[in-house]
Amino acid sequence: MRILLIEDEEVLASVLLKSLTKQHYVVDVAQDGQMGWEYTQNANYDLLLIDVGLPKVDGITLCQRLRSGGCFTPILLMTAKDGTRERIQGLDAGADDYLIKPLDLGELQARIRALLRRSDRPITPILEVDALRLDPSSCEVTYNNKLLELTAKEYSLLELFLRNPSRVFSRGDIIEHLWTFDDPPQEETVKSHIKYLRQKLKAAGAVDWIENVYGLGYRLNPRREQGKQGGKEKAQVASPQLEEQFQQAMGGLWKQYEGLMVQRLAVLEELAVALSHNTLTQELRKSSEREAHKLAGVLGMFEQDNGTQIAREIEQILGKDGDLSLGDKRQLLSLIADLGKLINQMGQKVDNQTTAIAQEICSQLILIDPNLQLGSQLQQLVECMGMCWQQITNLEDAKNFLQTTSPDLVVINVDGVGRGEESLALLSELATRTPPVPVLVLADNDELVERVTFAQCGARGFLAQPLTAAQVWNVSSQLLQRTRSLRINVLAVDDDPLILAALRPMLEPWGMRMTGLDNPLRFWEVLQSSTPDLLILDVDMPQISGIELCQAVRTDPQWQELPIVFLTAHREIKIVQQVFAVGGDDYVIKPVVGAELLARITHRLERSRLLQSLSTKDSLTGIANQFQSRRNLEHLITQAEENQQSVCLAILSVNDLRQINIKYGHEAGNQVLQRWSRLFQSEFCSDEVLGYWGNGDFVVGISGLTKIEINHRLSTILTTLRQQIFTAFDGDRFQVTCNFAVVEYPSDGLTIQSLYQTAAERNL
């Protein structure tokens, strides 16, 4: 468990650090409130131990800031003041508990254990799985009542697994939970601790309880051995298809870039010859160091951790100051020979693989329709674009296929594959994925009720028979273009093309579109054209480094908030400090582990979205505010003009909101707005613009449907709204009525303001 201690008194901080460490907690120490705030923004903690009388930002203010920012980590406040007022202030600020100085260390430990038990995931005082038992109060671990002798890190590692059953931890996750900022280990250290903990568990009788989940990390799986004995291995977290696709992609990358690997090895072999003949030049030494550095950064991505370690050792020896000793030269010759064997063996392994290498497909398009002629015609339309349609002729096979695949687009003939609840359920499931999968529905009849039903289930488009392949592709391409604009865009800058190529199969299956750039001199041009949601920068690049690029980005107002994740093969604390000093948000050590990179990216994007939502969402209803929804409506109109479609704007207003606030209180009025907001969000999908403009006015923008169709769709929503019963603070029950109007662009107005005015006049 990881604790942040924020205490400015050195002696007390030292005593608390020693006491907490003895209980196997991982403890970071901050000396003032501002530093404590920065620590909480860059790491996840299980508990915060905060002194009230801190410099820069006091403990109560810090507590308020954390809670208002959405931090739910348990907080224990400490103070030398024992007045009732201070205790009330601390608890009102969001603290979970309070301790008065001078502290009793036994009471402190008990209160910490109690707070950890109250966290989001219930934590029992004794952690038990089958015959394995861990007691946090005594820090003892037993298996079948036999005591296990574990080191502090092995104990913490086992506790982490036991407190998070079934969760998979990457090496980076484990480092973040079990090591402090001042003591960052190498990832090889994590492997060693895993290895020794496995051995001790095995010796006690818990054989193979720590499972290595391919491409993701480690988890505790006590039933894994039982699964093996039964002849079946328990399913892994990553879907088999994704795993196979990733392996195939990496195998294809090795074949594609094997020549580059051999070139890098050739420079090292030239170094070996020069060492043998005492003809080593400074230029060759430097170029060999660079090539070893690059090999260290990529070999581990092909599950060649030993190759990464060998290349690092070569780099470290060549990077020493002064001339190489006789021992250094002998070690280099041995390491280069070992590295050559490993690279040659890897090439032979890929050559001998029987699995075909999957071709990279820019867009995965799925047609669920028994009409083979339509599938053939659609494929002819996209062949020149390097795209591919995959046709599935029945609903059951489609459902099975889509369980492990997230395509860019699905076209489904609901009459041809069997209509009914199963088709609608599939539409809803695809619409609620992250990211959502756009679906175009093909039907035999153009009936209003069915259009509305399909739209409510999440369909993005509708076409009725008779239709042509050209019509299907025209609507499909529009949906693809619109969906791509909603995807996460990542710009990765690294001078090694192999790294860029390997990042793509890591990111794109999870809905991220990656732009790779291997020439940092073109950075600004590509940044402006790709408008990324997140930036990945390599630290070491020729001509201009990632550090320098980050500095340039942070000086431009347009990009100051862009999340930046660094890639580096360096592990020195000096480099890590420099990354954060220039404005980097996070870093990943090469060779890159896919699960860790995804976790880091997701975490940064979540933080970025949180900050963005504070400025674009209405804090009461949780939907887009007037400023943001107006921008979204303008974009919707622009798209509709390009596609020659109409746009309808619906205004739904709470009647007498001001009177409700006066009679029942603002809490009752807020209750109405929040419940209406939840209903609207459940009814309208991401293609439709939904906003709250204040004073009880909700706005919905929809393209592709007429006013008659919109009115029909809204009728069921209005019925639901009228049936809502609200309860005021004093127990009074009341209902709310609603006015609404639907206007159409361009017939009812040419601007958002003129459309709103027309709707308001009709609402009166």
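Hydrogens, waters and symmetry mates play no part in the numbers below; they use all other heavy atoms, side chains included.
With values rounded to the nearest 0.5 angstrom, L299 atom CG is found 11.5 Å from Q309 atom CD. Rounding to the nearest 0.5 angstrom, the gap separating the CD atom in E270 from the OG1 atom in T281 is 8.0 Å. The CG atom of L4 lies 10.5 Å from the CE atom of M35; values are rounded to the nearest 0.5 Å. Atom-to-atom distance recorded for K200:NZ and L148:CG is 8.5 Å, nearest 0.5 angstrom. Rounding to the nearest 0.5 angstrom, the gap separating the NZ atom in K195 from the CD atom in E154 is 12.0 Å. The line from CD1 of I3 to CG of L20 is 5.0 Å long, rounded to the nearest 0.5 Å.
Considering R312, E315, R264 as possible partners of H293, the one that fulfils the side-chain hydrogen bond (donor to acceptor under 3.5 Å, both in side chains) test is E315. Paired with K294 under the rule salt bridge (Lys or Arg N to Asp or Glu O under 4.0 Å), one option of D496, D538, D495 passes, and it is D495.
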* **Full working for side-chain contact (heavy atoms from CB on, under 4.5 Å) between W524 and D556** => CA-CA 11 Å; W524 210 257; D556 189 303; 3.3 Å; yes
* **Worked verdict on L335 versus I317 for side-chain contact (heavy atoms from CB on, under 4.5 Å)** => CA-CA 11 Å; L335 290 170; I317 295 172; 4.0 Å; yes
* Step by step, would you call I547 with F566 a side-chain contact (heavy atoms from CB on, under 4.5 Å)? -> CA-CA 9 Å; I547 299 285; F566 276 90; 4.3 Å; yes
* To do: Please assess L280 against L324 for the test side-chain contact (heavy atoms from CB on, under 4.5 Å), listing each intermediate value before the final yes or no.
  => CA-CA 10 Å; L280 178 61; L324 299 174; 4.0 Å; yes
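Between Q543 and E548, the closest heavy-atom pair is O-OE1, 4.5 Å. Considering every non-hydrogen atom in both I310 and L339, the closest pair reads CG2-CB, 4.0 Å. P407 approaches I366 most closely through the heavy-atom pair CB-CG1, 3.6 Å. In plain terms, the two heavy atoms of T531 and W559 that are nearest each other are CA-CH2, 3.8 Å. Residues P497 and L260 share a closest heavy-atom pair of CG-CD2, 4.1 Å. Listed here is the closest heavy atom pair of E289 and G319: OE2-CA, 3.7 Å.
Panel note: side chain T40, backbone W37; a donor-acceptor pair is recorded below 3.5 Å. In this structure, the side chain of R504 does not engage the main chain of T515 through any donor-acceptor pair within 3.5 Å. For D533 (side chain) and N489 (main-chain N/O), a donor-acceptor pair under 3.5 Å exists by modelled atom type. Looking only at distances, no side-chain donor or acceptor of R285 sits under 3.5 Å from a matching main-chain atom of L271. Under a 3.5 Å cut-off, the side chain of S545 and the backbone N or O of D540 do not form any donor-acceptor pair. Side-chain atoms of R198 come within 3.5 Å of backbone N or O of I210 as a donor-acceptor pair.
Put simply, the side chain of I575 does not reach to within 4.5 Å of the side chain of Y587, judged on heavy atoms. In this structure the side chain of W389 reaches within 4.5 angstrom of the side chain of L409, judged on heavy atoms. Contact check for L535 versus L549: no side-chain heavy atoms found under the 4.5 Å cut-off. Taking the side chain as every heavy atom from C-beta outward, V267 and S288 approach each other to under 4.5 Å. Within the 4.5 Å cutoff, no side-chain heavy atoms of I544 are placed close to those of F523. A 4.5 Å side-chain heavy-atom check between D494 and K590 finds at least one atom pair inside the cut-off. Counting heavy atoms from C-beta on, the side chains of V493 and V526 never come closer than 4.5 Å. Proximity of L162 to L132: side-chain heavy atoms (C-beta onward) are separated by under 4.5 Å at one or more points.
A 6.0 Å sphere centred on NZ of K320 holds more than 12 heavy atoms belonging to other residues, nucleotides or ligands. Remark: Q528 CD is packed, more than 12 non-hydrogen atoms of other residues, nucleotides or ligands lying under 6.0 Å away.
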